[in-house]
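Structure, as structure tokens:
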2 protein chains.
Amino acid sequence: MAGVNAGGERKERARFRRQAPEDRRRQLGEAALRCILKHGNAGVSVRQIAAEAGVTQGLVTHHFGEISELVAYAFDIMSGSLLQALMDAVAAAEPTPQKRLDAFIEASFSPVLFDRDVLGVWVVFWGLVLHSPRMSASQQGEYSDYVAAVERLLGDLAASEEFAIGNVRLAAIAFTALLDGLWLAWCLNPSSFRPEEGVQLCRNWVKGLRLGAHG
Amino acid sequence: MAGVNAGGERKERARFRRQAPEDRRRQLGEAALRCILKHGNAGVSVRQIAAEAGVTQGLVTHHFGEISELVAYAFDIMSGSLLQALMDAVAAAEPTPQKRLDAFIEASFSPVLFDRDVLGVWVVFWGLVLHSPRMSASQQGEYSDYVAAVERLLGDLAASEEFAIGNVRLAAIAFTALLDGLWLAWCLNPSSFRPEEGVQLCRNWVKGLRLGAHG
DNA sequence: TTTGTTGTTATACGATCTTATAATTTCTCT
DNA sequence: AGAGAAATTATAAGATCGTATAACAACAAA
């Protein structure tokens with residue numbers, strides 16, 4: 001049956017470069033983040049993500065099975081990268097507890113984190129966390145890493161300045177909540193306050209801590 | 001052509017009760033809330049909402065046009081009802097600024113509001129607010145109502161106890177952010193702290209306010 | 001050069017979604 | 001009682017989605 005295509009119009013398959021699963025998974029994860037960033041919940045779709053990554057849909061299934069696995073992976077990428085950015089800022093500060101905490105606060109309100117797009121991605125994740133055990137597991141781990149980092153910053157400050165904090169873990173949870181809440185409020189309604197005012201509000205919280213509000 | 005259906009099995013149209021547009025809109029809005037509550041973002045669908053309300057899909061289009069209009073309407077219902085519940089609790093408290101604020105805090109952590117299901121609905125709304133001007137407009141109005149209520153509570157307290165608050169509006173924004181952040185954290189990870197601890201953290205924030213942290 | 005593994009494309013199927021349109025019933029008003 | 005308005009049902013068309021499966025091609029190793 002050779003030569004059946006007399007017209008010579010042989011259907012050509014798309015060429016591709018074969019890649020290590022590790023690399024491909026990351027590419028797909030980052031494509032997923034871009035899709036979610038652009039279209040919110042509507043961006044969570046095998047087809048859209050595959051197109052964004054420039055591959056076919058089957059590849060997503062091949063590497064991740066269910067799509068929720070891909071989204072969870074993207075969540076881990078994003079979460080790790082944000083916490084890393086924060087801790088880099090802390091590490092770059094002068095090594096006193098005061099400067100380190102303040103660097104953490106300022107970095108939290110810097111354009112890298114304090115960004116509507118970032119919240120857009122986050123909100124999608126939250127929605128999934130509430131309905132998917134797999135996402136919930138990721139979230140728990142990442143939240144506790146975050147709170148632990150804050151706890152260390154606050155604990156060091158208290159030790160250095162010799163004031164008392166009744167329960168450092170709870171204080172860290174409150175401070176984290178304040179940061180998240182301000183982030184949320186500002187992203188949903190950027191005209192409600194300016195980022196510098198957000199920094200000031202966080203500093204005021206720390207001021208209250210120093211004055212013994214959490215003793 | 002009469003009598004073609006010899007078997008007598010005439011296709012009967014479903015009976016229905018005609019209702020005032022106002023009533024129907026509300027029914028559909030509440031059905032939308034139940035759908036979102038049950039299925040998250042996946043619950044935002046004309047078909048599902050219509051089924052939940054016990055009507056056909058066309059009715060949604062008829063009353064709301066685009067589905068985003070229905071969701072925005074549902075958002076208004078929910079938002080109004082939550083703020084109302086809070087203000088009812090405040091009104092039921094003894095009429096001193098201290099008791100009123102405390103009632104506000106306690107109500108915020110009561111099962112009516114401090115609820116994973118409620119957050120699930122909220123998260124869906126946030127996701128839409130970030131991508132839809134119509135939803136954003138609703139959110140702005142409702143957020144400013146909320147902050148105004150908090151502002152009044154804090155202002156009254158400060159006036160009554162004669163301590164200073166540099167910028168009451170900003171303080172109200174911070175307090176609101178703390179509440180929202182704690183709500184968010186707890187719903188995403190209920191084992192991180194107990195509601196009573198959340199109440200305590202808010203009281204501590206007020207304590208800091210009294211001590212002049214926001215002076 | 002050849003063979004085998006597996007990353008990747010291509011394609012199909014069934015379900016669900018949004019939107020549009022026509023037919024029909026309910027209710028009100030005269 | 002009858003007619004008209006509009007609320008509601010019914011149905012269809014086209015798009016998109018998730019998942020499964022088979023064929024193909026790139027690369028490594030022999």
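To find a chain, count down the sequence lines: A is the first, B the second, and so on, and within it residues start at 1. Values reported hereafter were calculated over all heavy atoms of this structure, with side chains retained and with hydrogens, waters and symmetry mates removed.
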[N] phosphate, OP1 or OP2, under 4.0 Å from [X] side-chain N/O:
| X | N | value |
| --- | --- | --- |
| A/Arg18 | C/dT6 | no |
| A/Ser45 | D/dT16 | no |
| B/Gln48 | C/dC17 | yes |

Could you check which residues of residues 26-39 of chain A get a heavy atom under 4.0 Å from DNA chain C? Sort them by number, please.
->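 Within this stretch, nothing sits under 4.0 Å of the strand.
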
Considering only heavy atoms, which members of residues 54-68 of chain A lie under 4.0 Å from some atom of DNA chain C?
->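 The answer is A/Val55, A/Thr56, A/Gln57, A/Gly58, A/Leu59, A/His62, A/His63.
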
For A/Arg203, check salt bridge (Lys or Arg N to Asp or Glu O under 4.0 Å) against everything at least two apart and list the hits.
->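 Here the qualifying residues are A/Asp102, A/Glu106.
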
Counting heavy atoms from C-beta on, name the nucleotide in D/dA10, D/dC17, C/dC17 closest to the side chain of B/Ala14.
->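 Minimum distance to the B/Ala14 side chain belongs to D/dA10.
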
Answer yes or no: is there a donor N or O on one side and an acceptor on the other, between the side chain of B/Gln27 and the main chain of B/Gly54, under 3.5 Å?
->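 Checking the backbone N and O of B/Gly54 against the side chain of B/Gln27, no donor-acceptor pair under 3.5 Å is found.
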
Show me the side-chain donor-acceptor pairs of residues 111-121 of chain B shorter than 3.5 Å, one per line, residues at least two apart or across chains.
unit_1	atom_1	unit_2	atom_2	d
B/Asp115	OD1	B/Asp117	N	2.7
B/Arg116	NE	B/Cys187	O	2.8
B/Arg116	NH2	B/Cys187	O	3.2

Take the protein atom [atom1] of [X] and the nucleotide atom [atom2] of [N], then report the distance between them rounded to whole Å.
| X | N | atom1 | atom2 | answer |
| --- | --- | --- | --- | --- |
| B/Phe16 | D/dA7 | CZ | P | 11 Å |
| B/Arg24 | D/dA6 | CZ | P | 17 Å |
| A/Asp23 | D/dC27 | CG | C1' | 15 Å |
| A/Arg15 | C/dA10 | CZ | P | 12 Å |

Could you pull out all residues at least two apart from A/Phe75 that satisfy ring pair (Phe, Tyr, Trp, His ring centres under 6.0 Å)?
->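 Residues passing ring pair (Phe, Tyr, Trp, His ring centres under 6.0 Å) with A/Phe75: A/Trp122, A/Phe125.
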
Examine the base of C/dT25 for any acceptor or donor lying under 3.5 Å from a partner atom in the side chain of B/Arg13, and report the outcome as yes or no.
->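 Checked by distance alone, the answer is no.
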
Reading DNA chain D 5' to 3', how would its secondary structure be written in dot-bracket notation, given Watson-Crick and G-U pairs with both distances under 3.5 Å, brackets [ ] for crossing pairs and | for partners on other strands?
-> ||||||||||||||||||||||||||||||

B/Phe175 vs B/Trp205 aromatic rings, parallel, tilted or perpendicular, using cut-offs 30° and 60°?
->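 The rings of B/Phe175 and B/Trp205 sit tilted, inter-plane angle from 30° to 60°.
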
